[in-house]
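In what follows, chains carry the letters A, B, and so on, assigned in the order in which the sequence lines appear, proteins first and then strands, with residues in each chain numbered from 1. Just so you know, these numbers use all the heavy atoms, side chains as well, and skip hydrogens, waters and symmetry mates. Keep in mind that what you see is a predicted model, and the values were worked out from it rather than measured.
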Amino acid sequence: MTHPIHRNPITAVESPALGVTIDGLTKNFGKFQALKNVSFSVEPGEIFVLMGPSGSGKSVLLKHIVGLETATAGRVLINGQDATAEHTLERIRIALVFQAGALFNSLSVYDNLALYPREHRFGDEATISDKVMRALQILSLENSARKFPSELSGGMRKRVAIARALVMEPQLMLYDEPTSELDPVMGATISEIIATLKDEYHVTTIVVSHDRELALGIADRVGILMGGELVFLGPPASLRQPADPRIADFFHPRIDLKNPRFKNLET
Amino acid sequence: MKQLTHFLEGFGSAVQLLFQSARFAGTLPRQRARFIDQCYLIGYTTLPIVAILCFFMGSVLALQSGYSMENFGAKQFIGSLVGLSFARELGPVIVAILVAGRVGSAITAELASMKVYQEIDALVTMNIPPARILVLPRLAAVLVMMPVLAIIGNLIGWFGGAVVCKYVESIAIEPEAYFSALRRYMKFKDVGIGLMKAEIFGFVVVLICCSIGLNTRGGPREIGASVTKAVVVSLISILVLDYFVTKVLM
């Protein structure tokens, strides 16, 4: 099998795309089991969308991939290397777009993007400026370079977070709820950006979301976590008529206003 | 037992942070801008409050000692009493307490808020150790600024004592006599000991505040709790350390 070639969105340098393997991942917080023996693989260059209701363990799993959490059991392999091993983040560039953006509030948009290349000495200030402005152009943010995060709308903050991730020249892009708290138009724009980055640059992408439209629209494959267990793994097309009633309930929730529970809400 | 565990955890985490920061000491020259920013925050912005407090502490000390020493006919020694007290004890302790309350609380609030709003996590995923860019410049800056603040605090405290001695009728000692007594009984070593204390207190305060800030978990409410905890732990540490450092340096 030939791996797709990842083309760096900023430098256009080509390299084999990365694959990710989650192998028997279990995470306990005290007595609460957030992840229960979860296993799956993400193929190089694909968009994998991990879905599930709130509290199902999606974001916890994402944190394991970048080493922000340590597993109780199991492991995460990135191109065959243990993600928790020392210096993994020095060898492999992984960018995580946080749910709330996690932008540095004391820095301007430009400095938010320039921080990574400056700290890792990617070149002189002119080279860094080129990279930053290129990333801002990709996300149509070039007019916001001098603004501070507090001056941006929710959608713009998400785009800045994606632009900051692009400046890292990542081989693996992770998104945590990229379309949450956004209006449908902005949600669709962000989905389009994720799909474009994958189509043009073959960046291996893992998206954690409970946005059905996003999953059905851009995913190559979908995984569904419920109560810390992986209950579905497959192409998005098979989610249109799910056989599992739990998945059907999640995808097509029915609200029965005659349910006695709603009686309590009546005034 | 639980409190002891928390104390040991906190102590361990502060020591670990110190070693992590020390590992990046070589990066300090290229973090000049951050270092200067921190020097400004720790030194320049604390200076007015140090000046006001030390002036009045010196004044009160002269007033009280003038009142009690008059009974023994020892008014001429007020200068040496104020001088020695400030140089060896009050100067470094007052400056450290002010740094804990003003700078330490701000450091904890900033780092705790960065932690709660995932900015610290973002740094970690970018492979930028928080100890390198957030802790090291602050530790270096406090080492430079504490002696400066302590010297200025001492001078202003001595001056406050001199003003009271001259203008309070019941004391009425001329500045020449006051400063002559101050010089006669004070050695350079006394000032040196005070500066060393200031260095130790300031360094410990900033380390504690950084460590508590970076270990904050939860939401906005925990940011406030961390700030309170950092200030309380810093103040207790200053006073406990003061005893042991004084004992060692005596």
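- When the shell of 6.0 Å around CD of Gln3(B) is examined, it contains 12 or fewer heavy atoms from other residues, nucleotides or ligands.
- Atom CZ of residue Arg93(A) and atom CG of residue Asn127(B) lie 11.0 Å apart, to the nearest 0.5 angstrom.
- To the nearest 0.5 Å, atoms CG (Leu107(A)) and CD (Glu119(B)) are separated by 8.0 Å.
- Here CD of Glu119(A) is found 6.0 Å from CD of Gln31(B). Values are rounded to the nearest 0.5 Å.
- Dense packing is recorded around CZ of Phe29(A), with more than 12 heavy atoms of other residues, nucleotides or ligands lying under 6.0 Å away.
- Considering every non-hydrogen atom in both Phe104(A) and Ala122(B), the closest pair reads CZ-CB, 4.1 Å.
- Nearest heavy atoms, Met126(B) versus His120(A): O-NE2, 2.9 Å.
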Can Leu123(B) and Leu115(A) be said to form a side-chain contact (heavy atoms from CB on, under 4.5 Å), step by step?
CA-CA 9 Å; Leu123(B) 283 176; Leu115(A) 183 67; 3.8 Å; yes
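- For Arg30(B), the CZ atom counts as densely surrounded, since its 6.0 Å shell holds more than 12 non-hydrogen atoms of other residues, nucleotides or ligands.
- Summarising the local packing, NZ of Lys229(B) is surrounded by 12 or fewer heavy atoms from other residues, nucleotides or ligands at distances under 6.0 Å.
- Heavy atoms closer than 4.5 Å to chain A are found nowhere in Ile120(B), neither backbone nor side chain.
- Taking chain A as the reference chain and counting heavy-atom pairs below 4.5 Å, the highest number among Met114(B), Arg34(B), Glu110(B) is found for Arg34(B).
- The environment of Phe159(B) atom CZ is sparse: at most 12 non-hydrogen atoms of other residues, nucleotides or ligands sit within 6.0 angstrom.
- Heavy atoms closer than 4.5 Å to chain B are found in the backbone of Leu103(A), but not in its side chain.
- Rounding to the nearest 0.5 Å gives a distance of 8.5 Å between CG of Leu68(A) and CD of Gln118(B).
- Note that the CG atom of Asp121(B) and the CD atom of Glu69(A) stand 8.5 Å from one another [nearest 0.5 Å].
- Other residues, nucleotides and ligands place no more than 12 heavy atoms under 6.0 Å from the CE atom of Met196(B).
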